[in-house]
Peer 1: 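Take this structure, written in structure tokens, and hold onto it; I'll ask about it next.
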Protein chains: 2
Amino acid sequence: MAAPAGVASPDDLVACVELLFFAYRDFTGGPDAILETYGFGRAHHRVLHFVYRNPGLRVADLLDILRITKQSLARVLKQLIDKGFIIQRTGDDDRRERRLFVSTKGGRLAEKLITLQTRHMASALANVGPEASEFARRFLFAMIAASDRAHVEALVKQAAPRT
Amino acid sequence: MAAPAGVASPDDLVACVELLFFAYRDFTGGPDAILETYGFGRAHHRVLHFVYRNPGLRVADLLDILRITKQSLARVLKQLIDKGFIIQRTGDDDRRERRLFVSTKGGRLAEKLITLQTRHMASALANVGPEASEFARRFLFAMIAASDRAHVEALVKQAAPRT
DNA sequence: GACGTTATGTCAGTCATGTTGACTTATTTG
DNA sequence: CAAATAAGTCAACATGACTGACATAACGTC
């Protein structure tokens, strides 16, 4: 054998890289199809998702999460607001801020998409084994740039558990 | 406790979904930056990568792998050929076919990008533990749509081990 | 050898999503 | 009051997808 057991050979690593490409494509395919029926795209999905999971988010927070420009965000956000999926409310403390919330309709769509994706994820994890969820979180977290990890960790943990 | 040990709670699943988004973004960031210096984008990367790993690939095979239209592929492929990163050779048996190969220059770039990505992957896997590679492959494979798995498995395994 | 099929290439137009750069408005803060 | 901040907007552009239509060359079959 070229590589000792438990250690990744170069070909194993390339396989992981390629598998990630196909996995990500198939993972986003389901939501994409639903979004299309609403006239939305993946960009709308991201905005809706993070607002749903983090109610009261400010525009600046969203820019920080998505790492796109204000102008790119403005386009999709405006559409989501115009179509009544997201609601803006002037901040209580600072009235320059626009706090973002999903509407009932927006919440329904966000839930629909998240259900689709968590089912996909759950099914994949079930295929792998009992400790898969813990493992996947550690793996995916380690794939994130070190400089982003603290930020992402806070975002993912804090996310709205208002059952 | 809401969920028994080893079983993913809904919030764990959502965390995985979100982590995958950030992980994928950071994973593609490195190659993107290099590609930019060549005037290439992510689309070029995919073409170059799969041709590098599967020398002699036909255009039709590439379309099947990437699942984009002929016209979309044509644009990036033409640029890669024009700039001398990919070489076309008429098929020996069937002279309608154009077999695709990377040039020396193309191979160098492909190798550079793959090294970047496998290092990223290896570092993430090392963070997780000794069995991480095996686990990641199983997880990512399970994330791929069932209808695609056989196809992807063949592609990933067959890939050029001509060291 | 003519004809239908296949592999590839190409022209033209559109859409989604990202980018830069410049500027406005409302509000808070020093 | 002046400066800084949060957000919104206008204009132009790049990338990478898409559809639809059509062209060319080579293969295979009757």
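Here is how names work: the chains are called A, B, and so on, in the same order as the sequence lines, proteins then strands, and each is numbered from 1.
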Peer 1: Side-chain N or O of R46(A) less than 4.0 angstrom from OP1 or OP2 on dG18(C)?
Peer 2: yes

Peer 1: For the side chain of K70(A), starting at C-beta, report the closest nucleotide among dG8(D), dT10(C), dC18(D).
Peer 2: dG8(D)

Peer 1: So does S72(A) get a side-chain nitrogen or oxygen closer than 4.0 Å to the phosphate oxygens (OP1/OP2) of dT17(C)?
Peer 2: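 Answer no for this pair, as no side-chain N or O of S72(A) is under 4.0 Å from OP1 or OP2.
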
Peer 1: Nearest whole angstrom, please: distance from the P of dA7(D) to the CG of D64(A).
Peer 2: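 Nearest whole value for this atom pair: 12 Å.
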
Peer 1: Just the rounded figure in Å: distance from P of dA7(C) to CG of L77(B).
Peer 2: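 In whole Å, dA7(C) P lies 17 Å from L77(B) CG.
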
Peer 1: R99(B) vs E97(B), test: salt bridge (charged side-chain N to carboxylate O under 4.0 Å, His left out). Steps then yes/no.
Peer 2: CA-CA 6 Å; R99(B) 297 291 184 158; E97(B) 295 174 353; 3.2 Å; yes

Peer 1: Can you find a side-chain donor-acceptor pair between T104(B) and R108(B) that sits under 3.5 Å?
Peer 2: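 Result is no, nothing qualifies.
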
Peer 1: Between dA7(C) atom P and L57(B) atom CG, what is the distance in whole Å?
Peer 2: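 From L57(B) CG to dA7(C) P: 14 Å.
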
Peer 1: Heavy atoms only, 4.0 Å cut-off, all strands: where does R99(B) land among base, sugar-phosphate and nothing?
Peer 2: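 Since no nucleic acid heavy atom lies under 4.0 Å of R99(B), the category is nothing.
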
Peer 1: Rounding to a whole Å, what distance do you find between L62(A):CG and dG8(D):C1'?
Peer 2: 15 Å

Peer 1: Going by modelled atom types, is there a donor-acceptor pair between the base of dG9(C) and the side chain of Q88(B) at under 3.5 Å?
Peer 2: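 Side chain to base: no pair present.
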
Peer 1: Between dA7(D), dT19(C), dT17(C), spot the one nearest the side chain of I68(A), thanks.
Peer 2: dT19(C)

Peer 1: F40(B) and H45(B): aromatic ring centres closer than 6.0 Å?
Peer 2: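 No, the ring of F40(B) stays outside the 6.0 Å limit from the ring of H45(B), centre to centre.
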
Peer 1: Please classify the nucleic acid contact of H45(B) as base, sugar-phosphate, or nothing, using heavy-atom distances under 4.0 Å.
Peer 2: nothing

Peer 1: Considering heavy-atom distances to DNA chain D, does V76(B) or Q71(B) have its closest nucleotide positioned more toward the 5' end?
Peer 2: V76(B)

Peer 1: Would you mind telling me which residue lines up with the more 5' stretch of DNA chain C, V59(B) or Q79(A), judged by nearest nucleotide?
Peer 2: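 Looking at DNA chain C, the more 5' nearest nucleotide goes with V59(B).
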
Peer 1: From C-beta outward on A43(A), which listed nucleotide comes closest to its side chain: dG18(C), dA7(D), dA26(D)?
Peer 2: dG18(C)

Peer 1: So what does R75(A) hit on the nucleic acid, given a heavy-atom distance under 4.0 Å: a base, only sugar-phosphate, or nothing?
Peer 2: base

Peer 1: Check for me whether the distance between the ring centres of Y52(A) and F101(A) falls short of 6.0 Å.
Peer 2: no

Peer 1: Ignoring backbone atoms, test whether R98(A) places a side-chain nitrogen or oxygen under 4.0 Å from the OP1 or OP2 oxygen of dT25(C).
Peer 2: no

Peer 1: Separation of I81(A) atom CD1 from dT9(D) atom C1', in whole Å?
Peer 2: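 Going from I81(A) (CD1) to dT9(D) (C1'), I get 14 Å.
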
Peer 1: Is a side-chain donor-acceptor pair under 3.5 Å present for E18(B) with H49(A)?
Peer 2: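 Yes - a donor-acceptor pair under 3.5 Å links their side chains.
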
Peer 1: Taking atom P of dG18(C) as reference, at what distance in whole Å does atom CG of L73(A) sit?
Peer 2: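 From L73(A) CG to dG18(C) P: 9 Å.
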
Peer 1: Does a nitrogen or oxygen in the side chain of T69(B) sit under 4.0 Å from OP1 or OP2 of dA17(D)?
Peer 2: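 For dA17(D), neither OP1 nor OP2 has a side-chain N or O of T69(B) closer than 4.0 Å.
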
Peer 1: Can you tell me the distance, in whole Å, between the CZ atom of R42(B) and the P atom of dT19(C)?
Peer 2: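 Rounding to the nearest Å, CZ of R42(B) and P of dT19(C) are 12 Å apart.
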
Peer 1: Between dT6(C) and R96(B), counting only base atoms on the nucleotide and side-chain atoms on the residue, is there a donor-acceptor pair under 3.5 Å?
Peer 2: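 Side chain to base: pair found, below 3.5 Å.
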
Peer 1: Would you say H44(B) reaches dT15(D)'s phosphate, i.e. side-chain N/O to OP1/OP2 under 4.0 Å?
Peer 2: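 For dT15(D), OP1/OP2 do not have a side-chain N/O of H44(B) under 4.0 Å.
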
Peer 1: Without decimals, in angstroms, what is the distance between F40(A) CZ and dC15(C) C1'?
Peer 2: 16 Å

Peer 1: Which part of the nucleic acid, if any, lies within contact of D93(B), taking any heavy atom under 4.0 Å across all strands shown: a base, the sugar-phosphate backbone alone, or nothing?
Peer 2: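 It contacts sugar-phosphate atoms only.
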
Peer 1: Ring-plane angle category for H120(A) and F27(A), please: parallel below 30°, perpendicular beyond 60°, tilted otherwise.
Peer 2: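 Rings of H120(A) and F27(A): perpendicular, over 60°.
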
